[in-house]
Amino acid sequence: MGDLISSHLDEGKREIITVRTSEVIGEFGRLYEQQYVVALFNKVRYDVEGGGGPQPQLLHRKVPLENKSIFSGTLFQYLEENKKWRNRFLFVPDSYIISYYDSKQAHDRGLQPKGIINCAGYRVLTSMEKYLELLESSLPGVKAKVGSSPFLKCATQFPLILWHPYARHHYFCVATEKEQQKWNAVFQDCVRHANNGLSEECKVQTPAFTDAVRLYRQARGQYGTWDMMCGVPPQILANLVMEKLLPELRDLISPRLKGKLQERQKNWILISDAVYGLVQNQAQLQYEAIVQSCEAGRPPLEASIRTDMDQIITSKEHVTSKVRALVLPKAEKLLKVSIQPYISSILEALMEPTSRGFFEVRDVFFRELVDMSKNLLNGGSKEKLGEHMEKISMLAFHPVKMQGCYEKVEQLSLEGLQQRFDVTSPSVFVQRAQILMREQMDDAVYTFEQLLHQSLEGQEEEDLCKTIQKCQDRVIKKFDYDSSTVRKKFFREALLQIFIPYMLKQLSQSCSADLPQFQELIFEDFSRFILVENIFEEVVLQTVMKDIMMAVKEAAVQRRHNLYRDSIVLTNSDPNLHLLEENPPIDWAGEYGGEREEVDGEPGGDEGDTVTQKRRRMKQVVSMIQEDGTATALSCVEVPGVEDIPEEEGDGDSDTKSTSASEKEVASVTSVPQEAPLALPNGTTGKEETANPSMQEPVPKSPQDPETKLAIESAIQEIENAVQEEESEQNGEPAASPEPEETSSPAEQPLTLRSEKVEPAASSQNEAPAEPASNQEDKTGPLNPEEQQQQQQQPPPAKAEEPIAQPTQEEQSQEAVAVETVSESRSELQQTTADSTSLHHNDSGFQSPANEVAEEEEPQAAMATTETEAGESGKEKHSDSETGEEDAGKGAVPAASQT
């Protein structure tokens, strides 16, 4: 490969590259120095006079991704050196510059990556067909034969290709469609972030740079939006050079390329990448020299501006009036004929997909908070809140969860208008809208964090859901207001970017010859701060700006797409809210004891290496894909998403989390307040079925509870007394009267007191058993009439509770039917309750497994048996059978519950 580059890029061609780069950067530098002074004047004037739009309601996070990484995982990469596919571990840090390694261990040990990918200017392709279409345009004039195969054969049917018009292409593939969707979202986020490289905080350098690039292209007849205005300034300048240089080199090199078409295409990509690297290095050095020169002369210029501010403004207004008199009639005529008929249609084309994207951002934010509230409602605490907030705090930077929002804006289409107004593609507007959506999401999340953290100080855990609801409502209102403001500003800027280049192109032909005469009206001392060319563009902008403002204002008055009027001010705005913006970042996991987030590196390597330690400390926004150690198959686990790609738990703690979720739900059941029982057809109650529909059976208190311990001891004592009674009856001795003891309610009976098989209880917790057990421990059947008569003749022992009549065999058969009715009613009630509550409960792991429900039935049966035995040990059969029939029909209440 080195031979290929060296053979085609000899000294002569390298000299051509250097000369063309110096020419372009030199012309750009002259324009930059002029625009730097104008931008400095505008900045100082703005600082003195003030101004600006409406105050945003949401807070803004200064360093959103501190100690965070975006994603890491393993996939296949095509190596051009040996033409093979190999496993590669990719790591995406907070800078969004992708690094790839031989393995995850190499990354954890802090080794140098095999390569890095700066995604500025790239496009992410998910099919070979789209890639081949773009590839054929790289060498125009060279046609392939029909049926010729490409030089690249993908290892799977799910490719991921990073395509660039000048730089090297990168080829990846994964095993499943979900993996492809997830990696596509991550790569798209990297491209989006890298394309937004110019900082808006630089009030002088950024406008000077953009104006210089725009004026350079306009001087060569290239008006309209430019897709390659992406990346940092050296990258943009390299793109500017390659526009002129690449066609010249292609004409020199392409005839000398040998081999089939696929080989020539592949070799040309490598040569173009080498040229692009050389141009970028030279552009960076020359641009840095230009910036340093301008910054060195800034202090005296700023002092001069502040001294002569009024005279400069007066001189500029005088020249502006002269230029307006020349340009305004022609501009208004052009505006009326070629611009005004299209403003409303273009605005509608911009508003609909953009507003859908912002609405989706609002819905995603709202759903995340609702899910958190549901989970906290089912036995949550501040520790659980910390876990949820750790994830929500990075919601705006989660590529997969935000992908659904971004896709709404990708439907933006300006078809039919691109040729008329010289708009190459809507990608410039799409990426700008997506960046604004991410900023709005992060502002909403950050504001919610600060409000919630402030509200939780001194709050009890019982008020968590109410506090979350109040903060959520406040943030949603502020988001709606800020979303309207941001969208209206975006619409105005987008319409200007569409119309202004078209108007400048049309008016320059008739006005450019008359503009130099107005330069004589400017004093020489002020000539650096006032440029006639800039004034001409300002006049054109003011001409069309009035109609654009009216169109956006009309849409806001009509509340189209939920746009607010500029005069609307929130009545519940918080004047002191922005004081929270100065607070340090909130460590939810550390402050509230939440679980530690998954880090992207395991311990290993040199412990003293600060880089390695930093890698271990970094938390990942998206769940990492673990390696399975295989080299022949893709070691990718299905990873998070929204809707069809659900966010998944960590690999090692999924069982633990599901178990803890069930334990949380059990804890929530015990804290449910006592409610009136539901009446069933046979007179029983359905309280235990409705207390917690997900568990379907009440859960006794833990044995560690003091009341439960007392209940267990009381039940054991009653059983011992019953055994003594039976032994004394067999020996013909009177039974000793047990001392009255405080008994616990049936709901507090122990889980299991006997190991033998027992009949399940037929009644609810608040009823006595319809069929009491026998006094003999080894019998479970009913007593015969002779045994009943013998017991009636025995002297009544001292008792501590009211007697309950023993039902006859006929009554027992009737109650057996009642037991079946209760079971059927209970199952119907459980099904109805489960259906009605499924809409109000989260389905993410808080339902108890079926085996847990089965395990709960045995303790319930044992508990009911214990109640029966405890009642039998100290009672006497009533002699009046009518009383027994009445008690059996009504459902007698145990004496323990009465006392």
Side-chain angles (χ1 to χ4, degrees), residues 31-60 62 196-215 229 233 290-291 294-321 323-324 432 435-436 439 443 482 485-497 500 504 522-523 525-546 548-549 552-553 566-567 569 578 581-582:
L31 294 171
Y32 181 85
E33 290 174 354
Q34 294 177 355
Q35 297 303 316
Y36 183 89
V37 179
V38 175
L40 181 61
F41 168 74
N42 293 333
K43 190 258 183 187
V44 175
R45 182 179 181 180
Y46 180 85
D47 294 341
V48 173
E49 296 180 353
Q55 179 71 21
Q57 295 290 318
L58 297 173
L59 303 179
H60 181 69
K62 295 181 179 179
N196 191 36
L198 297 178
S199 174
E200 296 182 358
E201 300 296 327
C202 301
K203 302 299 183 182
V204 178
Q205 292 185 11
T206 296
F209 180 85
T210 54
D211 289 342
V213 171
R214 179 176 51 81
L215 291 172
M229 189 77 176
I290 295 171
V291 172
C294 292
E295 289 294 329
R298 178 172 178 169
L301 284 174
E302 192 168 348
S304 177
I305 292 172
R306 294 185 181 276
T307 304
D308 303 328
M309 175 69 73
D310 295 337
Q311 291 86 348
I312 297 174
I313 294 176
T314 303
S315 178
K316 182 178 180 180
E317 290 176 351
H318 176 66
V319 176
T320 301
S321 63
V323 174
R324 185 181 294 113
R432 180 59 183 164
I435 291 169
L436 293 174
E439 292 177 355
D443 290 348
D482 280 10
T485 304
V486 169
R487 279 181 289 144
K488 286 188 294 186
K489 182 180 178 182
F490 167 72
F491 297 149
R492 291 193 293 264
E493 292 177 349
L495 289 174
L496 287 175
Q497 289 183 19
I500 292 297
L504 290 176
I522 305 172
F523 291 109
D525 295 341
F526 304 153
S527 60
R528 293 179 298 174
F529 311 115
I530 305 173
L531 297 178
V532 176
E533 207 168 39
N534 290 66
I535 294 177
F536 167 68
E537 294 186 355
E538 290 176 5
V539 171
V540 175
L541 185 146
Q542 292 170 2
T543 305
V544 71
M545 191 65 183
K546 183 187 300 183
I548 292 175
M549 293 287 290
V552 176
K553 183 178 180 181
D566 292 334
S567 59
V569 180
H578 286 270
E581 198 168 13
E582 305 300 327

When rounded to the nearest 0.5 angstrom, what distance separates [atom1] in [X] from [atom2] in [Y]?
X: Leu436; Y: Asp482; atom1: CG; atom2: CG; value: 12.0 Å
X: Phe526; Y: Gln311; atom1: CZ; atom2: CD; value: 5.5 Å
X: Ser527; Y: Ile312; atom1: OG; atom2: CD1; value: 10.5 Å
X: Asn534; Y: Phe529; atom1: CG; atom2: CZ; value: 13.5 Å
X: Asp525; Y: Asp308; atom1: CG; atom2: CG; value: 7.5 Å
X: Leu301; Y: Cys294; atom1: CG; atom2: SG; value: 9.0 Å

Is any side-chain heavy atom of [Y] closer than 4.5 Å to one of [X]?
X: Asp443; Y: Pro56; answer: no
X: Phe536; Y: Leu504; answer: yes
X: Thr485; Y: Gln57; answer: no
X: Gln35; Y: Leu531; answer: yes
X: Leu31; Y: Gln34; answer: yes

>> Would you call the rings of Tyr36 and Tyr32 parallel, tilted or perpendicular, taking 30° and 60° as the class edges?
In response: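 The arrangement is tilted - the two ring planes meet at 30° to 60°.
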Which atom pair, heavy atoms only, marks the closest approach of [X] to [Y]?
X: Arg492; Y: Val552; value: CG-CG2, 4.0 Å
X: Leu541; Y: Ile500; value: CA-CD1, 3.6 Å
X: Ile522; Y: Val532; value: CD1-CG2, 4.2 Å

Using residues 202-214 as the side-chain source, report each donor-acceptor pair under 3.5 Å to any protein atom, sequence neighbours left out, with the distance given to one decimal.
residue, atom, partner, partner atom, Å
Lys203, NZ, Glu200, O, 3.4
Gln205, NE2, Glu295, OE2, 2.9
Thr206, OG1, Ser199, O, 2.6
Thr206, OG1, Cys202, O, 3.4
Thr210, OG1, Thr206, O, 3.1
Thr210, OG1, Pro207, O, 3.1
Asp211, OD1, Arg214, NH2, 3.2
Arg214, NH1, Glu537, OE1, 2.9
Arg214, NH1, Glu537, OE2, 2.9
Arg214, NH2, Glu537, OE1, 3.0

> Under the side-chain contact (heavy atoms from CB on, under 4.5 Å) test, which residues partner Thr320, sequence neighbours left out?
Replying inline: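 Checked Thr320 against side-chain contact (heavy atoms from CB on, under 4.5 Å); matches are Lys316, Arg324, Ile535, Val539.
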> Considering residues at least two apart in sequence or located in another chain, which fulfil the salt bridge (Lys or Arg N to Asp or Glu O under 4.0 Å) criterion with Arg45?
Replying inline: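 For Arg45 the salt bridge (Lys or Arg N to Asp or Glu O under 4.0 Å) partners, ignoring immediate neighbours, are Glu49.
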